[in-house]
Participant: 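The structure is given below, and queries will be raised subsequently.
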Protein chains: 2
Amino acid sequence: MLLDDRKKRILQSIIDDYINTAEPVGSRTVARKHEFGLSSATIRNEMADLEEMGYIKQPHTSAGRIPSDQGYRFYVDQLMKTSQLTVEEMLSIKSALDVKINELNQLLRQISVAMSKITRYTSMAATPERKNSVIKNIQVVPVERGRALVIVITNSGIVKNSLITIPETVTPEYLIFVNNVLNEKLVGLTIEQINMPVISEIEVLISPSQEVLMPILNGVTDCINQIDSSEVYLEGTINMLNYPEFSDVDKVKDFLCLMDKKELLGRMLNELSQNNGSVTIKIGEENKIEKMKDCSLVTTTYRVGNIAIGTIGVIGPTRMDYSKVLAAINFMKSKIVDEVEKFLGKNLDHP
Amino acid sequence: MLLDDRKKRILQSIIDDYINTAEPVGSRTVARKHEFGLSSATIRNEMADLEEMGYIKQPHTSAGRIPSDQGYRFYVDQLMKTSQLTVEEMLSIKSALDVKINELNQLLRQISVAMSKITRYTSMAATPERKNSVIKNIQVVPVERGRALVIVITNSGIVKNSLITIPETVTPEYLIFVNNVLNEKLVGLTIEQINMPVISEIEVLISPSQEVLMPILNGVTDCINQIDSSEVYLEGTINMLNYPEFSDVDKVKDFLCLMDKKELLGRMLNELSQNNGSVTIKIGEENKIEKMKDCSLVTTTYRVGNIAIGTIGVIGPTRMDYSKVLAAINFMKSKIVDEVEKFLGKNLDHP
DNA sequence: TGTTAGCACTCTACCTCATTGAGTGCTAAT
DNA sequence: ATTAGCACTCAATGAGGTAGAGTGCTAACA
């Protein structure tokens with residue numbers, strides 16, 4: 001049986017109502033609140049059909065209906081009206097991003113903060129794998145006798161450093177020499193392209209003093225590892241405590257334990273990350289993680305030009321206000337471009 | 001009335017028991033579990049005295065007694081036996097610290113992680129105000145046409161950087177000149193000592209090109225602000241959910257909201273920070289923050305030589321295992337020295 | 001004088017039972 | 001096809017009743 005227009009409207013009423021109130025919706029409520037010009041009995045018949053088709057269900061016999069995962073799916077795909085953020089919400093996002101950003105990851109973190117504030121759900125963000133980052137500059141700087149700093153800078157403006165210990169006999173001039181060799185050999189490579197043959201080449205050029213080269217190479221790999229390692233930010237976990245879905249301490253505990261598993265979340269986000277800028281919605285059981293079957297997750301990956309900012313996800317009860325979350329995610333996209341350009345300086349990566 | 005020896009032992013029994021079970025302790029339990037050779041009736045009389053003196057109280061008439069804040073205070077000051085960590089716990093701390101540390105703040109974070117794991121309470125850590133950090137080295141490194149990196153390194157091994165935009169006309173040689181001036185004028189100063197007169201002096205030396213100097217000075221102040229800004233780390237908040245004190249969702253919400261106020265926590269920790277390495281215990285109402293009146297906070301400030309690592313605090317229900325927390329905090333202190341020396345390189349700050 | 005057995009008393013936690021009300025499904029009339 | 005009407009179901013609420021833990025007090029005892 002296909003959903004005729006009336007059934008669709010009734011289903012939409014039920015879901016809209018349930019998203020607002022978190023209470024099972026009865027036939028009388030639907031008849032009253034939304035002016036179908038139909039009696040509750042008629043609505044009741046339609047609701048029975050909708051239930052049979054799997055779009056809604058009853059918590060128990062004498063309760064109203066609540067949407068099933070399938071119901072939400074249909075709602076999200078076909079019924080939902082796109083909504084607009086209020087002016088205040090837009091300003092809130094703008095001001096949240098209006099802080100000096102020293103690092104690209106910090107921007108992602110700010111996005112996450114703003115997102116949890118606007119949606120009132122929990123927001124998570126994962127930095128992308130930076131294997132495609134191109135090394136733009138390497139510096140080996142003497143700090144004092146026996147200590148030096150290795151600095152690696154990438155095209156996406158990431159700066160990482162590593163403090164190393166070198167023999168006290170090394171002269172600044174020698175460090176400059178090493179510096180030049182490193183730049184000559186490594187600049188322009190993605191960090192994925194740095195492998196043994198490349199390293200060997202460098203070793204040959206600086207061959208005499210293994211004792212100097214080792215710590216420096218270690219410093220470089222340390223920096224590269226830092227660049228490549230994915231971080232996960234989490235904001236607004238306590239927002240969830242305001243929803244009746246989490247009025248039970250065990251539920252809260254389960255949720256918070258899940259949110260504590262940063263690696264798991266990071267992997268999940270990276271799996272869901274799309275390259276085409278689209279938004280992915282996973283509703284309830286559609287999530288792979290068992291403990292998330294009462295939650296929905298809306299994710300998208302932000303990128304500006306060829307710079308990946310990261311993947312952001314909003315997690316809330318399945319009863320979440322999908323429309324608003326989508327509005328927030330899309331509005332955010334339009335705001336990010338400015339910030340990235342401000343950070344990188346125009347044309348840095350559009351040569 | 002002073003506490004005679006028997007009263008002390010009974011009080012200790014009650015508190016020990018309550019710390020373990022979280023259940024009000026009755027006279028019979030005290031008589032049975034701890035072999036005083038006294039009947040429950042006698043214990044009952046003593047308990048009535050202890051209650052009158054304010055060390056214990058009854059939740060309601062037909063319940064046993066639970067310690068009051070005053071009771072805990074007496075326990076902590078006079079009754080508590082010092083305990084030792086188990087071998088597993090010690091190993092756990094060691095392995096938690098056994099990760100490559102790139103920054104001093106990262107060590108503090110690891111300490112906090114280990115502390116929450118061992119105590120099973122919530123651990124917070126605040127980085128100290130670094131106003132006394134001495135600038136050891138400043139580098140201005142060209143990255144590409146029109147972009148440069150300002151790097152500031154302190155005696156405590158903190159490295160901060162700031163990416164800046166400079167006129168494309170600036171030559172590398174000129175940057176080296178600026179670099180030398182900055183080092184000459186700023187190295188050896190604490191960040192507190194950097195003020196307008198010093199800045200002016202630099203301005204005079206590099207006077208011709210304001211356009212170059214401004215972004216560089218901004219970069220330097222940006223780094224200094226990063227160094228000086230206090231960060232707060234929080235670990236193991238979900239541990240609290242395992243205690244019956246937090247079986248109520250509202251309590252959980254209150255607690256988590258409090259833990260979300262990082263600035264507040266940071267200020268609190270810094271206020272409690274002692275320079276002499278002693279441990280401060282704040283029990284229940286002794287805490288200034290209203291919402292913490294059901295919690296106790298144990299804090300100490302770690303420093304190695306003249307390097308401040310930070311202030312760490314363990315927060316738990318007033319019924320916390322004070323003895324264990326103290327043992328963990330003290331054991332940690334002994335382990336930190338190694339890590340700091342490993343990080344800074346021996347003698348870096350003991351010239 | 002300190003200790004203890006005994007007892008009446010108090011109060012929470014828990015169980016059971018009845019009531020209420022929201023909502024349903026079905027049937028018969030329109 | 002729609003709807004009024006009605007019997008039915010079930011969670012939520014609240015009232016009583018009971019059990020058990022623990023107390024304070026008293027009187028007897030060493």
Side-chain angles (χ1 to χ4, degrees), chain A residues 1-11 13-15 17-18 20-68 71 244-245 247-248, chain B residues 1-11 13-15 17-18 20-68 71 244-245 247-248:
Chain A
M1 194 190 331
L2 265 176
L3 286 180
D4 59 34
D5 198 54
R6 193 170 74 182
K7 282 198 173 60
K8 284 185 190 171
R9 278 167 57 213
I10 292 174
L11 179 57
S13 293
I14 294 172
I15 300 185
D17 225 66
Y18 187 69
N20 273 324
T21 64
E23 295 287 327
V25 186
S27 54
R28 234 181 80 86
T29 316
V30 175
R32 220 174 346 103
K33 276 203 194 167
H34 313 267
E35 306 184 350
F36 289 109
L38 293 172
S39 76
S40 66
T42 312
I43 305 283
R44 219 147 44 228
N45 289 330
E46 295 288 55
M47 283 167 78
D49 289 349
L50 285 169
E51 176 160 12
E52 202 179 344
M53 288 185 268
Y55 293 109
I56 53 181
K57 60 190 176 186
Q58 274 183 298
H60 56 265
T61 354
S62 75
R65 304 305 210 291
I66 62 175
S68 65
E245 281 87 345
S247 60
D248 173 26
Chain B
M1 193 191 333
L2 265 177
L3 287 180
D4 60 33
D5 198 54
R6 192 170 72 181
K7 282 198 175 58
K8 285 184 190 172
R9 279 167 56 215
I10 291 175
L11 180 56
S13 294
I14 294 171
I15 300 185
D17 227 65
Y18 187 68
N20 274 323
T21 63
E23 296 287 325
V25 186
S27 55
R28 235 180 80 84
T29 315
V30 176
R32 219 173 348 103
K33 277 203 192 167
H34 312 267
E35 307 186 350
F36 289 109
L38 292 172
S39 76
S40 66
T42 312
I43 305 284
R44 219 148 42 228
N45 289 330
E46 295 288 55
M47 283 167 77
D49 289 350
L50 285 169
E51 176 160 11
E52 202 180 345
M53 288 184 269
Y55 294 108
I56 53 180
K57 59 189 177 188
Q58 275 182 297
H60 55 264
T61 354
S62 74
R65 305 304 210 290
I66 63 176
S68 65
E245 282 85 347
S247 59
D248 173 28

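All chains are named by letter (A, B, ...) in the order of the sequence lines, taking the proteins before the strands, and each is independently numbered beginning at 1.
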Participant: Both B:Thr42 and A:Gln58 contact DNA chain C. Which one's nearest nucleotide lies toward the 5' end?
Facilitator: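 The answer here is B:Thr42.
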
Participant: Tell me, do A:Val30 and A:Asp17 make a side-chain contact under 4.5 Å, heavy atoms counted?
Facilitator: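 A:Val30 vs A:Asp17: side chains apart.
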
Participant: Under 4.0 Å between a side-chain N/O of A:Thr61 and OP1 or OP2 of D:dC10, yes or no?
Facilitator: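 Checking D:dC10 against A:Thr61, a side-chain N or O does come within under 4.0 Å of OP1 or OP2.
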
Participant: Looking at the side chain of B:Leu38, which of C:dT10, D:dT2, C:dT3 is the nearest nucleotide?
Facilitator: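 The answer is C:dT3, which lies nearest to the side chain.
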
Participant: Nearest to the side chain of B:Glu51, which nucleotide is it out of D:dG24, C:dC11, C:dA5?
Facilitator: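 It is D:dG24.
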
Participant: Can you tell which of A:Arg9, A:Arg65, A:Lys8, A:Arg6 makes a salt bridge (charged side-chain N to carboxylate O under 4.0 Å, His left out) with A:Glu46?
Facilitator: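 Testing A:Glu46 for a salt bridge (charged side-chain N to carboxylate O under 4.0 Å, His left out) against A:Arg9, A:Arg65, A:Lys8, A:Arg6 leaves exactly one candidate, A:Arg6.
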
Participant: So, does B:Arg65 get its side chain near the phosphate of D:dT23, meaning an N or O under 4.0 Å from OP1 or OP2?
Facilitator: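 So the side chain of B:Arg65 is within the cut-off, an N or O lying under 4.0 Å from OP1 or OP2 of D:dT23.
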
Participant: Nearest whole angstrom, please: distance from the P of D:dA4 to the CG of A:Asn45.
Facilitator: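 Going from CG in A:Asn45 over to P in D:dA4 covers 13 Å.
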
Participant: Could you tell me the separation between the CD1 atom of B:Ile66 and the P atom of D:dT23, rounded to a whole number of Å?
Facilitator: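 The distance from CD1 of B:Ile66 to P of D:dT23 comes to 13 Å, rounded to the nearest Å.
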
Participant: How many whole angstroms separate atom CD of B:Glu23 from atom P of C:dT12?
Facilitator: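 Value for this atom pair: 15 Å.
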
Participant: For the side chain of A:Ala48, counting heavy atoms from C-beta on, which of C:dA5, C:dG25, C:dT12 is nearest?
Facilitator: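 Output: C:dG25.
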
Participant: Among the candidates C:dG23, D:dG22, D:dT3, find the nucleotide nearest to the side-chain atoms of B:Thr29.
Facilitator: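 Out of C:dG23, D:dG22, D:dT3, the nucleotide with an atom closest to B:Thr29's side chain is D:dG22.
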
Participant: Looking at side-chain heavy atoms only, is the closest gap between A:Phe36 and A:Thr42 below 4.5 Å?
Facilitator: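 No. Closest side-chain heavy atoms not under 4.5 Å.
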
Participant: Can you tell me the distance, in whole Å, between the CZ atom of B:Arg44 and the P atom of D:dC25?
Facilitator: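 Interatomic distance, CZ of B:Arg44 to P of D:dC25: 11 Å.
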
Participant: Tell me which nucleotide among C:dT12, D:dT2, D:dT9 gets nearest to the side chain of B:His60.
Facilitator: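 Given the options C:dT12, D:dT2, D:dT9, the side chain of B:His60 is closest to C:dT12.
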
Participant: Using atom CD of B:Glu46 as one end and atom P of C:dG2 as the other, report the distance to the nearest whole Å.
Facilitator: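 In whole Å, C:dG2 P and B:Glu46 CD are 10 Å from each other.
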
Participant: Between A:Pro244 and A:Ala22, which heavy-atom pair has the shortest distance, and what is it?
Facilitator: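 The pair with the smallest heavy-atom distance is CG-CB, 3.6 Å.
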
Participant: Using the closest heavy atom to pick a nucleotide of DNA chain C for each, name whichever of B:Ser40 or A:Ala41 lands nearer the 5' end.
Facilitator: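 So the residue in question is B:Ser40.
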
Participant: Mind calculating the distance between CZ (B:Arg28) and C1' (C:dG6) to the nearest angstrom?
Facilitator: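 Distance, rounded to whole Å: 14 Å.
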
Participant: Does a side-chain N or O of B:Arg6 approach OP1 or OP2 of C:dT3 to a distance below 4.0 Å, or not?
Facilitator: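 For B:Arg6, the contact criterion (side-chain N or O under 4.0 Å from OP1 or OP2 of C:dT3) is met.
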
Participant: I'd like to check A:Ile14 versus A:Met47 (side-chain heavy atoms, cut-off strictly below 4.5 Å). Are they in contact?
Facilitator: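 They are in contact (side-chain heavy atoms under 4.5 Å apart), so the answer is yes.
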
Participant: What integer distance in Å separates B:Ile10:CD1 from C:dT3:P?
Facilitator: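 Atom-to-atom, B:Ile10 to C:dT3, this comes out as 9 Å.
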
Participant: Can you tell me the distance, in whole Å, between the CZ atom of A:Phe36 and the P atom of D:dT2?
Facilitator: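 Computing the A:Phe36:CZ to D:dT2:P distance gives 13 Å.
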
Participant: Base, sugar-phosphate, or nothing for B:Ser27, non-hydrogen atoms under 4.0 angstrom?
Facilitator: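 Sugar-phosphate, backbone atoms only, no base.
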
